[in-house]
Undergrad: 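Have a look at this one.
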Amino acid sequence: MTENNKKKLKLKVSAIKNGTVIDHIPAKSLFKVITILGLDKISNQITFGTNLESGKLGHKAIIKVSDKYFKDEEIDKIALIAPHAKLNIIKDYEVVEKRVVEIPETIKGIAKCFNPKCITNNEKINTCFKVISKNPIALKCHYCEKITNENQMVIK
Ligand code: CTP
Ligand code: ZN
């Protein structure tokens with residue numbers, strides 16, 4: 001089989017002309033990534049596939065957003081739930097850049113504070129954390145100063 005045919009066989013979701021391909025998303029986090037990036041609220045053409053085979057992840061998902069290039073801080077928001085996600089920037093059908101996601105220094109929203117007495121769990125206030133460790137993840141609440149660690153972390 002030629003290299004090109006091998007690529008086509010791998011291509012379970014059609015190639016895009018221009019835009020961003022977010023690859024290596026854990027299948028269970030697909031819809032979280034969609035909402036965190038606000039992809040349910042934009043009019044760009046979006047295709048996605050899920051439960052695709054992947055050596056590393058078991059089952060992965062992929063999202064292709066046409067004519068959209070994300071800012072670093074938008075993309076870094078997905079790092080908490082898809083730390084191995086890879087971004088491919090596509091221009092005129094070619095991959096012109098590959099990027100990995102990085103856990104940001106501060107996290108707004110996305111995760112819940114582990115402290116049930118925290119104001120963010122009792123009033124309509126968005127969470128805000130300082131990331132005090134990235135591996136394993138530990139988040140310090142801006143409001144109650146309690147630490148939420150990776151095992152305790154619940155994504156909103
Ligand atoms: N892709 C796409 N449209 C294009 C070019 C690429 O949707 N016009 C997608 C491919 O389907 C793939 C991703 O972008 O999911 C990365 O493409 P490429 O680097 O060619 O694939 P791989 O070498 O398999 O990349 P990696 O191993 O880094 O995932
Ligand atoms: Zn708190």
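Numbering starts at 1 and runs along the sequence shown. Counting starts at 1 for both ligands and their atoms, following the listed order.
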Undergrad: Would Glu94 count as a polar contact of ligand 1, with the cut-off being nitrogen or oxygen pairs under 3.5 Å?
TA: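 N/O-N/O distance under 3.5 Å: no.
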
Undergrad: Measure the shortest side-chain to side-chain distance between Lys140 and Thr148 over non-hydrogen atoms and say whether it is less than 4.5 angstrom.
TA: no

Undergrad: Suppose I only count heavy atoms of Asn88 and a 4.0 Å limit; which atoms of ligand 1 are within that range?
TA: 13 (C), 16 (C)

Undergrad: Taking 4.0 angstrom as the limit and counting only heavy atoms of Ala15, give me the atoms of ligand 1 inside it, by number and element.
TA: 2 (C), 3 (N), 4 (C), 7 (O), 8 (N)

Undergrad: Between the side chains of Asn126 and Lys156, is a donor N or O closer than 3.5 angstrom to an acceptor N or O?
TA: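 Distance-only check passes for Asn126 and Lys156.
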
Undergrad: Would you sort out whether Lys64 and Asn88 count as a side chain to side chain donor-acceptor pair (under 3.5 Å), showing the intermediate values?
TA: CA-CA 9 Å; Lys64 303 189 178 188; Asn88 300 274; over 6 Å; no

Undergrad: Would you mind checking if Glu145 and Lys130 are paired as a salt bridge, meaning a charged N to carboxylate O distance below 4.0 Å?
TA: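 Salt bridge: no.
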
Undergrad: Please confirm whether Lys17 comes under 4.0 Å of ligand 1, counting heavy atoms of the residue only.
TA: no

Undergrad: At the Zn ion (ligand 2), what angle lies between atom SG of Cys113 and atom SG of Cys141, rounded to 10 degrees?
TA: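 Angle SG(Cys113)-the Zn ion (ligand 2)-SG(Cys141): 120°, rounded to 10°.
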
Undergrad: Compare Lys86, Lys60, Lys98 and give the one whose heavy atom is closest to atom 26 (P) of ligand 1.
TA: Lys98

Undergrad: Of Ile147, Asn121, Leu139, Val154, which is the lone residue that meets side-chain contact (heavy atoms from CB on, under 4.5 Å) with Cys113?
TA: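 Of the listed residues Ile147, Asn121, Leu139, Val154, the side-chain contact (heavy atoms from CB on, under 4.5 Å) partner of Cys113 is Asn121.
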
Undergrad: Quick one: which ligand 1 atoms are inside 4.0 Å of a heavy atom on Ile62?
TA: 15 (O)

Undergrad: Looking only at heavy atoms, which two atoms of Ile90 and Lys17 are closest? And how far apart?
TA: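 Reported closest heavy-atom pair: CG2-O, 3.5 Å.
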
Undergrad: May I ask you to list the atoms of ligand 1 that are less than 4.0 angstrom from any heavy atom of Asp23?
TA: 15 (O), 29 (O)

Undergrad: Record the part of Val13 in heavy-atom contact with ligand 1 below 4.0 Å; permitted values are side chain, backbone, both and neither.
TA: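 For Val13, there is no contact with ligand 1 at all, from either part.
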
Undergrad: Looking at Tyr69, is Lys91 sitting on its ring face, NZ or CZ under 6.0 Å from the six-membered ring centre and within 45 degrees of the normal?
TA: yes

Undergrad: Give the numbers and elements of all ligand 1 atoms closer than 4.0 Å to a heavy atom of Ile90.
TA: 1 (N), 4 (C), 5 (C), 6 (C), 8 (N)

Undergrad: Flag His24 as yes when one of its N or O atoms lies below 3.5 Å from any N or O atom of ligand 1, and as no otherwise.
TA: yes

Undergrad: Please tell me if the side chains of Leu37 and Ile78 come closer than 4.5 Å, counting only heavy atoms from C-beta onward.
TA: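 Answer yes - side chains close enough.
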
Undergrad: Examine His142 and say whether one of its N/O/S atoms is closer to the Zn ion (ligand 2) than 2.8 Å.
TA: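 It does not: His142 brings no N, O or S atom closer than 2.8 Å to the Zn ion (ligand 2).
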
